[in-house]
**Student:** 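Below is a structure I'd like to ask you about.
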Amino acid sequence: MDGPRCESQDLLAWFDRCRRDLPWRSTSDPYRIWVSETMLQQTQVERVLPYYEQLVSTFSDVDALARAPLEDVLAVWSGLGYYRRARYLHAAARQIVARGGFPRTMAGWLELPGVGPYTAGAVASIAFGERVPAIDGNAARVLSRFAALEDSPSGKTGRRRLTALAESLVDDDRPGDSNQALMELGAVVCRPSQPRCHECPLEASCKGRLQGAAEAYPRRKPSRQVIEERRLGVVVRAGGRVLLFRRPEGASLLAGLWEIPWIAWCARDNAARELRSRYGGNWDLDRSCGWVRHSITHRDIRFEVWTGRLTSGCHIAENPEAGWYTETEVGGLAVSSLVDKVMRCAAD
DNA sequence: GAATCGTGGCG
DNA sequence: TCGCCAAGATT
């Protein structure tokens, strides 16, 4: 006896035996499952865990989340990355409350902001038992290796073939578990590098394995070149507080988050003028503070941090986007981890 | 379809 | 150090 049904049962049996005990697996609450799936977008389980606990304990249900100010949600999200997810989560919570409850189908979930094919399929199958696939990076890798798919999962053809294969494997009685089994297998056994094929319930029929080249899948396309940017940042202290500015809500990058003042490195010779044009106020910098003190590399941004204070008579605090915070308060704000790094570094 | 959005871990 | 990657969605 062979075929998709048999493999699907092998997979489920393996999942029942080996599944990790995760907080969102011990609940049937759609709210918690939705929150976890949103946080898990492009983010590994281990990193999500503390943020998940913090969010669901701060906002115990969708009503609490919908009532909360966006700023509070961003503060909880602070450090997790992809902050757009927090905004969409918050907006979707308000839509859910407005429509009187959670959607019960994948199609319904797809109408919510921040919910794409994966998240919609995951929530619909796990929380509501709908027989739809949920294809994340793990599932895509497992299936690509299993069927030795030659098309890249990001392409149209590859996506279509993956979806067809995943649909054929969704268990009629336990759709949520069979989806999670595929993802779990990819995370724990069918890993990106050095897959543990000898522990895999699908080993015997895996085409990639039979070719002796499981790691060659999924096929991927060449990546782009990274260009490094260099910036001059300023940590301004006064009376035990540090000056931060909030980025515009419409910014494409880190929108609405707090950051230290900075300018392009090439404009450092006119630092005071550049800072004035960007943030307003008076930026006559105290000469006694010296020049560059620290250097931090973060992704493709190199930050040269200049620590100091402003001369008296500056009017920066009149800028509505400006705020003075103590070092400990910064930790509770919606800041990126870059700011976190800079503050720690500049505190030495 | 390609680029973009954060961050941390890994070999 | 560097490239890749990790439970994707949006424009």
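The sequence lines fix the lettering, A, B, ..., with proteins before strands; numbering per chain opens at 1.
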**Student:** Parallel under 30°, tilted from 30 to 60°, perpendicular over 60°: which one fits the rings of Tyr325(A) and Trp258(A)?
**Tutor:**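 The rings of Tyr325(A) and Trp258(A) stand perpendicular, inter-plane angle above 60°.
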**Student:** Taking 4.0 angstrom as the limit, do Arg19(A) and Glu184(A) come out as a salt bridge?
**Tutor:**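 Here Arg19(A) does not pair with Glu184(A) in a salt bridge, since their nearest N and O are not under 4.0 Å apart.
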**Student:** What's the gap between dA3(B) and dC4(C) when it is taken at their P atoms, as a whole Å value?
**Tutor:**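 Those two atoms are separated by 14 Å.
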**Student:** Can you tell me if Thr38(A) uses its side chain to pair, donor with acceptor, with the backbone of Trp34(A) under 3.5 Å?
**Tutor:**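 Yes, Thr38(A) side chain to Trp34(A) backbone: donor-acceptor pair under 3.5 Å.
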**Student:** Would you indicate what Trp24(A) reaches in the nucleic acid, counting non-hydrogen atoms under 4.0 angstrom: base, sugar-phosphate, or nothing?
**Tutor:**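 Base, at least one base heavy atom under 4.0 Å.
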**Student:** Rounded to whole angstroms, how far apart are CG on Leu49(A) and P on dT7(B)?
**Tutor:**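 It works out to 19 Å between those atoms.
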**Student:** Give the rounded distance in Å between these two atoms: CG of Leu162(A) and P of dG8(C).
**Tutor:**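 Interatomic distance, CG of Leu162(A) to P of dG8(C): 13 Å.
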**Student:** May I ask you to say what Arg141(A) touches in the nucleic acid, namely base, sugar-phosphate or nothing, with a heavy-atom cut-off under 4.0 Å?
**Tutor:**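 The residue Arg141(A) makes sugar-phosphate contact but no base contact.
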**Student:** With the side chain of Arg47(A) defined as its heavy atoms from C-beta on, choose the nearest nucleotide among dA9(C), dA6(C), dG8(B).
**Tutor:**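 Closest of the options to the side chain of Arg47(A): dG8(B).
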**Student:** Can you find a side-chain donor-acceptor pair between Tyr279(A) and Glu321(A) that sits under 3.5 Å?
**Tutor:**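 Tyr279(A) vs Glu321(A): no donor-acceptor pair found between side chains.
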**Student:** Taking CZ from Arg159(A) and P from dA2(B), how many angstroms apart are they, rounded to a whole number?
**Tutor:**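 For the pair Arg159(A) CZ and dA2(B) P, the rounded distance is 14 Å.
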**Student:** Please report the distance, rounded to the nearest Å, between OH in Tyr82(A) and P in dT10(C).
**Tutor:**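 These atoms are roughly 13 Å apart.
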**Student:** Which residue lies toward the 5' end of DNA chain C, Leu40(A) or Val115(A), if each is placed at its nearest nucleotide?
**Tutor:**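 Final value for this comparison: Leu40(A).
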**Student:** Measure CD/Glu46(A) against P/dG8(B) and give the value in whole Å, please.
**Tutor:**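 That distance rounds to 15 Å.
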**Student:** If I take atom OH in residue Tyr217(A) and atom P in nucleotide dC4(C), what distance separates them, rounded to the nearest angstrom?
**Tutor:**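 Distance check: Tyr217(A) OH to dC4(C) P gives 20 Å.
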**Student:** Counting only side-chain nitrogens and oxygens, does Ser193(A) get under 4.0 Å of the OP1 or OP2 atom of dC4(C)?
**Tutor:**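 So the side-chain polar atoms of Ser193(A) never come under 4.0 Å of the phosphate oxygens OP1 or OP2 of dC4(C).
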**Student:** By the 4.0 Å heavy-atom rule, please label Thr38(A) as base, sugar-phosphate, or nothing.
**Tutor:**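 If one applies the 4.0 Å heavy-atom cut-off, Thr38(A) turns out to touch nothing in the nucleic acid.
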**Student:** Nearest heavy atom decides the nucleotide; on that basis, is Thr157(A) or Gln44(A) closer to the 5' end of DNA chain B?
**Tutor:**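 In this pair, the answer is Thr157(A).
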**Student:** Is there a donor N/O on one and an acceptor N/O on the other, under 3.5 Å, for the side chain of Tyr118(A) and the base of dG8(C)?
**Tutor:**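 Under the 3.5 Å cut-off, the side chain and the base do not form any donor-acceptor pair.
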**Student:** Quickly work out the Arg87(A) CZ to dT4(B) C1' distance and round it to whole Å.
**Tutor:**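 Whole-Å distance recorded here is 15 Å.
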**Student:** Would you say Arg85(A) reaches dT10(C)'s phosphate, i.e. side-chain N/O to OP1/OP2 under 4.0 Å?
**Tutor:**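 Result: no.
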**Student:** Does the side chain of Gln42(A) get closer than 4.0 angstrom to OP1 or OP2 of dG8(C) through an N or O atom?
**Tutor:**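 Yes.
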**Student:** Using the P atom on both, measure dG8(B) against dA9(C) and round to a whole Å.
**Tutor:**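 It works out to 22 Å between them.
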**Student:** Could you tell me how the ring of Phe102(A) sits relative to the ring of Tyr31(A): parallel (under 30°), tilted (30 to 60°) or perpendicular (over 60°)?
**Tutor:**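 Correct class here is tilted.
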**Student:** Assign Leu22(A) to base, sugar-phosphate, or nothing according to its heavy-atom contacts below 4.0 angstrom with the strands shown.
**Tutor:**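 Leu22(A): base contact, heavy atoms under 4.0 Å.
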**Student:** Would you call the rings of Phe128(A) and Trp109(A) parallel, tilted or perpendicular if under 30° counts as parallel and over 60° as perpendicular?
**Tutor:**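 It falls in the tilted class, 30° to 60°.
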**Student:** Looking at Tyr83(A), does any N or O in its side chain come under 4.0 Å of the phosphate oxygens OP1/OP2 on dT7(B)?
**Tutor:**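 For dT7(B), OP1 or OP2 has a side-chain N or O of Tyr83(A) closer than 4.0 Å.
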**Student:** Would you kindly give the CZ-to-P distance between Arg191(A) and dA6(C), to the nearest whole Å?
**Tutor:**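 The answer, rounded to whole Å, is 11 Å.
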